[in-house]
Amino acid sequence: MSPIHAYLTFDGNAAEAMRFYEKTLGGTMQMMMTVGEAPGTEQMPADAKKRIMHASLAYGDGMLMASDAMPGQAYEGMKGFGVALTLETVVEARRVFDAFAEGGTVSMPFEKTFWVEGFGMVTDRFGTPWLINGGKPLV
């Protein structure tokens, strides 16, 4: 069975967000294509051509994918979900949590829980909600 991967939609800042995730998660960008690089887009407005049509970032056994909403499409932000991330150590989880919290909003501070050594919830500066687990399971 194929794993489930998150696909995020941004409002013109997908490239910046994905490069930040690549650096923070230590992943490898597999692809990042602008609309202007795709065939048949010659007649599109310049602002549309700069937007990301598709990006994919491999990290660990996971894949995070993204694109930008097209100009003229209503963008309502990210809501109604969270990207769950599990890291092997509390130290690594805390580092990622703190990086996402910089310029973002913490909804649950990173701390020990009854199920894992460290857990926290944060929405990063790009609007992506994260649920971060780190360390050994306690149950």
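Position 1 is the first residue of the sequence; numbering continues from there. Values in this document were obtained by computation on a predicted structure and should not be read as measured data.
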**Q** Does M33 have any side chain to side chain contact (heavy atoms under 4.5 Å, CB included) partners at least two apart in sequence or in another chain, and if so, which?
**A**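 So M33 forms a side chain to side chain contact (heavy atoms under 4.5 Å, CB included) with M31, E37, A38, M53.
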**Q** Excluding sequence neighbours, so at least two apart, what forms ring pair (Phe, Tyr, Trp, His ring centres under 6.0 Å) with Y59?
**A**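 Once residues adjacent in sequence are excluded, Y59 has no partner under the ring pair (Phe, Tyr, Trp, His ring centres under 6.0 Å) criterion.
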**Q** Please assess F81 against L8 for the test side chain to side chain contact (heavy atoms under 4.5 Å, CB included), listing each intermediate value before the final yes or no.
**A** CA-CA 11 Å; F81 75 98; L8 307 174; 3.8 Å; yes
**Q** I need the minimum non-hydrogen distance between K49 and T41, along with the two atoms involved.
**A**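 Nearest pair, atom of K49 first, then T41: CE-O, 3.1 Å.
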**Q** Under 3.5 Å, sequence neighbours excluded: what are the donor-acceptor pairs made by side chains of residues 129-139?
**A**
| residue | atom | partner | partner atom | Å |
| --- | --- | --- | --- | --- |
| W130 | NE1 | D124 | OD2 | 2.9 |
| N133 | OD1 | W115 | NE1 | 2.8 |

**Q** May I ask you to test the V35-M70 pair for a side-chain heavy-atom distance under 4.5 Å?
**A** yes
**Q** Using residues 99-109 as the side-chain source, report each donor-acceptor pair under 3.5 Å to any protein atom, sequence neighbours left out, with the distance given to one decimal.
**A**
| residue | atom | partner | partner atom | Å |
| --- | --- | --- | --- | --- |
| S107 | OG | M121 | O | 3.3 |

**Q** Could you tell me whether the side chain of R51 and the main chain of T34 form a donor-acceptor pair under 3.5 Å?
**A**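 No; judged by distance alone, with no hydrogens or angles, the pair does not exist.
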**Q** Mind checking side-chain hydrogen bond (donor to acceptor under 3.5 Å, both in side chains) for T128 and listing every partner two or more places apart, or none if nothing turns up?
**A** Y21
**Q** How about M63 and M65: do any of their side-chain heavy atoms sit closer than 4.5 Å?
**A**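 Yes - at least one pair of side-chain heavy atoms lies under 4.5 Å apart.
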**Q** Under the rule for side-chain hydrogen bond (donor to acceptor under 3.5 Å, both in side chains), what residues qualify as partners of E16, not counting sequence neighbours?
**A**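 Scan of E16 (side-chain hydrogen bond (donor to acceptor under 3.5 Å, both in side chains), adjacent residues dropped) gives none.
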**Q** In Å, rounded to the nearest 0.5 Å, how long is the span from CG of L87 to CZ of R94?
**A** 12.5 Å
**Q** So if I apply the side chain to side chain contact (heavy atoms under 4.5 Å, CB included) rule between V96 and each of V122, V91, L25, which one comes out positive?
**A** L25
**Q** Where do F110 and A93 come nearest, in terms of heavy atoms and distance?
**A** CZ-CB, 3.6 Å
**Q** Please report the interatomic distance OG1(T89) to CZ(R95), rounded to the nearest 0.5 Å.
**A** 9.0 Å
**Q** Nearest 0.5 Å please: distance from the NZ atom of K23 over to the CG atom of L57.
**A** 14.0 Å
**Q** Working to the nearest 0.5 Å, report the span between NE2 of H5 and OG of S56.
**A**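 Result: 10.0 Å between the selected atoms.
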**Q** Indicate yes or no for a side-chain donor-acceptor contact from D68 to the backbone of G12 under 3.5 Å, with no hydrogens or angles considered.
**A** yes
**Q** To check you understand the geometry: which heavy-atom pair defines the closest contact between Q30 and A58, and what is its length?
**A** NE2-CB, 3.6 Å
**Q** Without swapping roles, check the side chain of K112 against the backbone of F119 for a donor-acceptor pair under 3.5 Å.
**A**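 No; zero donor-acceptor contacts below 3.5 Å.
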**Q** Is it true that a side-chain atom of R125 and a backbone atom of A17 form a donor plus acceptor pair closer than 3.5 Å?
**A** no
**Q** Quick one: pull up CG in L85 and OG1 in T24 and give me the separation to the nearest 0.5 Å.
**A** 10.5 Å
**Q** Specify the closest pair of heavy atoms between E117 and V90, including all atoms of both residues, with the distance to one decimal.
**A** CB-CG2, 3.3 Å
**Q** Any chance you could measure I52, atom CD1, to M18, atom CE, to the nearest 0.5 Å?
**A** 9.0 Å
**Q** Taking the six-membered ring where the residue is Trp, are the ring centres of F126 and F20 under 6.0 Å apart?
**A** yes
**Q** Less than 4.5 Å apart, any side-chain heavy atom of T9 and any of Y75?
**A** yes
**Q** What closest approach, in Å, do A66 and Y7 show between heavy atoms, and which atom pair accounts for it?
**A**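 Looking at all heavy atoms of both residues, the closest pair is O-OH, 3.4 Å.
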